[in-house]
Amino acid sequence: MSAAAAPAILSRRRVLAGSGALILSFSSLPPAAAQQNAQQQKGGKPAGATPQLPGDLKKSPLLDSWIRIDANGAITVFTGKAELGQGIKTALLQIAAEQLDVDLKQLTLITADTSRTPNEGFTAGSHSLQDSGTAIMNAAAQVRQILFAQAAQRAGVPAEQMKTDNAAVVAPNGQRFGYGELVSGDMLHVQAAPQSPLADPHAYRVMNHAIQRVDIPAKVTGVAAYVQDMRLPGMVHGRIVRPPSYGAKLASVDTAAVEKMPGVLKVVRDGNFLAVVAEREFFAIEAMRALAVAARWQETAKLPDAGNLAAVLTGLPSQDITVLDNQQQSAGGGKSLEATYTRPYLSHGSIGPSCAVAQLDNGALTVWTHTQGVYPDRDAIAEMLRMPKEQVRCIHVEGSGCYGHNGADDAAADAALLARALPGRPVRVQWMREQEHVWEPFGPAMVVKVKASLDAGGRIADWDYGVWSNTHSTRPGPAGALLAARDLASPFPQPPPKPIPMPEGGGDRNSIPLYQLPSARVIYHFLPAMPVRVSALRALGAHMNVFAIESFTDELAAAAGADPVAFRLKHLGDERAREVISTAADRFGWAARPRQTPGRPPGHGYGFAFARYKNLAAYCAVACEVEVERHTGRARMVRAVAAVDAGQVVNPDGLVNQIEGAILQSMSWTLFESVTFDATRITSIDWATYPALRFSAVPNAMEVHIIDRPGAPFLGAGEAGQGPSAAALGNAIADATGQRLRDLPLSRERIRAALGA
Amino acid sequence: MKLNVNGQPHDIDADPRTPLLYVLRGDLQLNAAKFGCGLGQCGACTVLVDGEATFSCVTPILALEGKGIVTLEGLGSNDHPAPIQRAFIAEQAAQCGYCIAGMMMRAQALLQKNPHAGDAEIRAALEPNLCRCGTHMRILRAVRRAAQMMQTAQAGEPQ
Ligand code: FES
Ligand code: FES
């Protein structure tokens with residue numbers, strides 16, 4: 001791989017002079033267009049942005065920010081989002097191919113790059129299709145319309161009589177105009193219109209088809225596909241000696257011996273930042289190890305009691321945010337329940353430790369990184385190096401799956417610092433396993449306390465819910481978000497944490513049940529103090545809030561003597577929610593599940609859970625069966641059936657892949673995972689001390705059923721499965737054992753203790 | 001040192017203590033074997049040594065002279081994918097894909113010895129390899145499909 005050349009900038013000549021912008025009339029907009037346009041979007045609205053434009057056209061309203069066509073007919077699609085293994089490249093290509101009416105293979109896709117693509121912030125929050133997919137869909141449809149208008153003008157026939165076929169517009173007499181011939185000058189350098197003549201969802205050729213992913217063949221044949229695989233001419237290898245614990249100070253280090261080691265080019269020390277660069281990777285690792293032995297650190301014991309996290313978190317000073325206050329005089333009359341649920345800190349634990357390559361060339365820095373946000377990472381790195389932003393370019397290159405804010409941005413900063421120390425040389429930095437495990441920002445520990453009572457008819461009468469959590473985002477933007485920047489001799493301070501506001505929320509994400517509750521209160525106890533480094537982990541607070549809400553819903557159903565699925569449906573008016581629940585229940589065979597022995601295999605149990613991600617994205621319901629081994633406490637998911645409604649589907653197999661992955665990953669968090677620490681250091685430093693899902697725990701069978709919603713707005717689904725799978729598993733274990741476990745992980749030890757075995 | 005990788009002899013100028021992984025990735029510029037942990041805990045670096053699935057991250061090249069080393073690149077290529085590669089593509093058995101080369105090599109080792117391996121044997125064989133994206137259901141399907149393809153090939157029928 002090598003640095004990609006910047007695209008040719010189209011000339012400013014306006015082909016359709018006069019109006020200064022192309023005005024298109026769309027007489028027959030399909031209903032989908034209006035819906036897509038009305039879709040709720042989040043995110044900042046930069047000055048001059050046009051708020052009514054669909055998706056991220058709001059932030060980058062020029063059509064040629066998204067689609068360019070060269071005179072030779074080459075079509076390039078641009079997205080500010082990044083491939084994280086979620087299949088976004090293929091999905092975005094499908095959207096563009098459908099709306100441009102071309103073959104997918106005729107398209108080139110450029111992803112997140114501060115020199116080439118729109119600024120779409122972070123690839124996070126299941127927003128890629130809503131933001132970028134919607135923008136590309138509308139931009140492509142409008143480009144196609146411009147091509148129609150051009151061809152019509154040339155052919156001298158009305159545009160309605162023209163057709164598209166294989167990247168050409170065809171006149172009724174058979175005359176063909178290739179897309180490349182039709183585009184001239186900066187014809188596509190025009191503002192997008194609020195509405196687009198979108199392809200008819202019922203006649204899709206590419207969208208809603210299970211097209212094979214474009215990136216998989218390279219990945220299964222050893223073609224360079226990851227930033228870890230980059231080899232630039234003259235590239236050298238850096239390794240960082242990270243401090244042994246948070247806030248440790250480098251008291252002394254004798255670097256002389258390391259500097260003489262074979263292949264070592266440079267030892268870099270700046271304050272508490274200590275690193276080495278060597279010609280070859282293994283030299284760099286050996287030098288790093290020698291340097292770690294030579295370094296003397298001053299550490300402070302300031303980590304909280306890991307054995308008592310609930311008390312620690314609820315005891316921290318909090319900023320209380322009222323998420324919902326709709327408390328009414330409760331009808332009451334039935335039972336009241338109260339429960340506390342906890343989640344430990346969780347590791348992203350990317351299989352490939354974070355990596356980046358950076359090169360300083362004639363005062364301009366290029367960083368190849370698997371960051372989720374090239375623009376914010378660029379800003380942070382420029383600030384850290386005190387360089388003008390324009391002199392720093394961040395290009396996204398895939399890494400291993402990240403599931404949120406892992407070490408990607410920090411590794412990029414490390415590489416940038418080392419590239420500055422060796423101008424001209426590309427420097428590749430990859431973290432070691434223990435560095436990733438210790439230094440990545442974890443998914444925050446959380447506590448939920450909930451009380452509710454039933455009315456005489458077995459409905460929930462009132463609901464009182466509190467969630468305690470740190471922020472779920474300490475992502476860059478400011479330099480102080482980067483580990484290395486905090487370690488420099490003139491350090492950048494860590495920015496003060498902020499809660500992510502609702503409706504998306506952070507710790508309070510999905511803290512409002514979707515159920516109809518006559519009286520309800522939800523408080524987010526936002527904890528500014530962060531004893532452990534934290535940030536975004538897939539689904540943010542939704543994993544824990546859905547686990548708590550859906551576990552407690554089962555507890556209430558049991559108190560009401562109701563079936564868990566029937567109890568949920570009784571409290572739900574949203575038809576799409578009801579359909580997802582019924583579909584999962586039917587396909588699982590919920591009603592026919594064996595309630596007791598005989599018929600029910602010993603140790604088996606059945607669980608169900610549901611949520612609409614963020615209460616505004618995809619709907620997902622999960623039913624599962626577990627088996628619990630009494631004497632060991634080992635719980636295994638035997639079978640899972642999910643149903644998902646993600647609005648218009650772009651790639652059904654991609655959606656199924658995401659939900660399957662979410663179920664398995666969430667199962668791993670729920671059964672096995674927990675970051676451990678003593679008073680000073682993180683002690684879960686590898687896969688032996690931080691066990692995770694292995695094949696012996698994989699279910700026998702899994703099904704994902706998609707509810708088809710042609711033409712409906714895209715609803716992000718990448719994180720929708722996390723909460724429901726955790727809760728379905730907890731509910732199934734409760735069903736199997738008769739014991740309700742409320743502290744994650746639902747480990748063997750805890751289950752065995754609960755069973756008194 | 002001389003190493004035989006993917007059927008080709010190579011003169012390697014590296015410290016004999018160097019783990020094979022760095023020689024494959026650095027000296028021979030092969031991408032498939034990945035650094036995941038360097039500790040023998042995740043399997044991202046798995047290659048075949050004389051047909052045995054081996055963690056290349058903890059195997060010094062010292063031990064490898066005269067042995068046949070095979071990486072994913074040695075099985076097939078993007079233009080001519082091997083059965084196991086075709087099976088993984090057909091099942092779309094990847095999310096990020098970082099773990100997948102290691103998975104395929106471990107599965108290949110099993111199926112070379114026993115193309116009739118059943119589900120339980122496949123699961124047991126893959127136990128050392130971690131996938132963090134949760135692609136397990138597809139990986140299992142892909143290995144079963146590869147097994148079928150190899151059985152067909154063994155039976156002499158065209159694939
Ligand atoms: S990298 Fe070799 S086992 Fe993890
Ligand atoms: S596919 Fe990403 S780690 Fe397995």
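Residue numbers start from 1 in every chain, and the chains themselves are labelled A, B, ... in the order their sequence lines are given, proteins ahead of strands. Predicted, not measured: the structure shown is a model, and the values here were computed from it.
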Using atom types as modelled and distance alone, determine if a side-chain donor or acceptor of Gln85(B) lies under 3.5 Å from a backbone N or O of Val220(A).
yes
Salt bridge between Arg138(B) and Asp653(A), side-chain N to carboxylate O under 4.0 Å?
yes
Proximity breakdown for Leu693(A) and chain B, heavy-atom pairs closer than 4.5 Å:
both
Are Tyr226(A) and Asn31(B) close enough that some pair of their side-chain heavy atoms sits under 4.5 Å apart?
no
Between SG of Cys131(B) and CG of Leu664(A), what distance do you get to the nearest 0.5 Å?
8.5 Å
Identify the two heavy atoms, one from Arg280(A) and one from Ala14(B), that lie closest to each other, and give their separation to 0.1 Å.
NH2-CB, 3.7 Å
Proximal component of Ser77(B), with respect to chain A [non-hydrogen, under 4.5 Å]:
backbone
Heavy atoms only: give me the nearest Cys133(B)-Tyr403(A) pair and the separation to one decimal.
SG-OH, 2.9 Å
Does a side-chain heavy-atom distance below 4.5 Å link Glu660(A) with His136(B)?
no
If every non-hydrogen atom of Asn657(A) is compared with every non-hydrogen atom of Gln95(B), which pair is closest and at what distance?
OD1-CG, 3.3 Å
Return yes if some donor-acceptor pair links the side-chain N/O of Arg213(A) with the main-chain N/O of Ile89(B) below 3.5 Å, else return no.
no
Beyond-backbone contact of Tyr98(B) with Gln228(A), side-chain heavy atoms, under 4.5 angstrom:
yes
Please examine the side chains of Pro699(A) and Met137(B), heavy atoms only from C-beta on, and report whether any two atoms are closer than 4.5 Å.
yes
Contacts of residues 39-55 of chain B with chain A (heavy atom under 4.5 Å):
Leu39(B), Gln41(B), Cys42(B), Ala44(B)
Evaluate the side-chain proximity of Leu140(B) to Phe695(A): yes if any heavy-atom separation is below 4.5 Å, no if none is.
yes
Check Gly399(A) against Cys96(B) and note the closest heavy-atom contact, atom names and distance.
O-CB, 4.4 Å
Could you state the interatomic distance from CD (Glu73(B)) to OG1 (Thr221(A)), rounded to the nearest 0.5 Å?
8.0 Å
In Å and rounded to the nearest 0.5 Å, what is the CG to CG distance from Asn700(A) to Asp119(B)?
7.5 Å
Arg132(B)/Glu673(A) salt bridge by N-O under 4.0 Å criterion
yes
Donor-acceptor side-chain pairing of Glu127(B) and Ser696(A) below 3.5 angstrom
yes
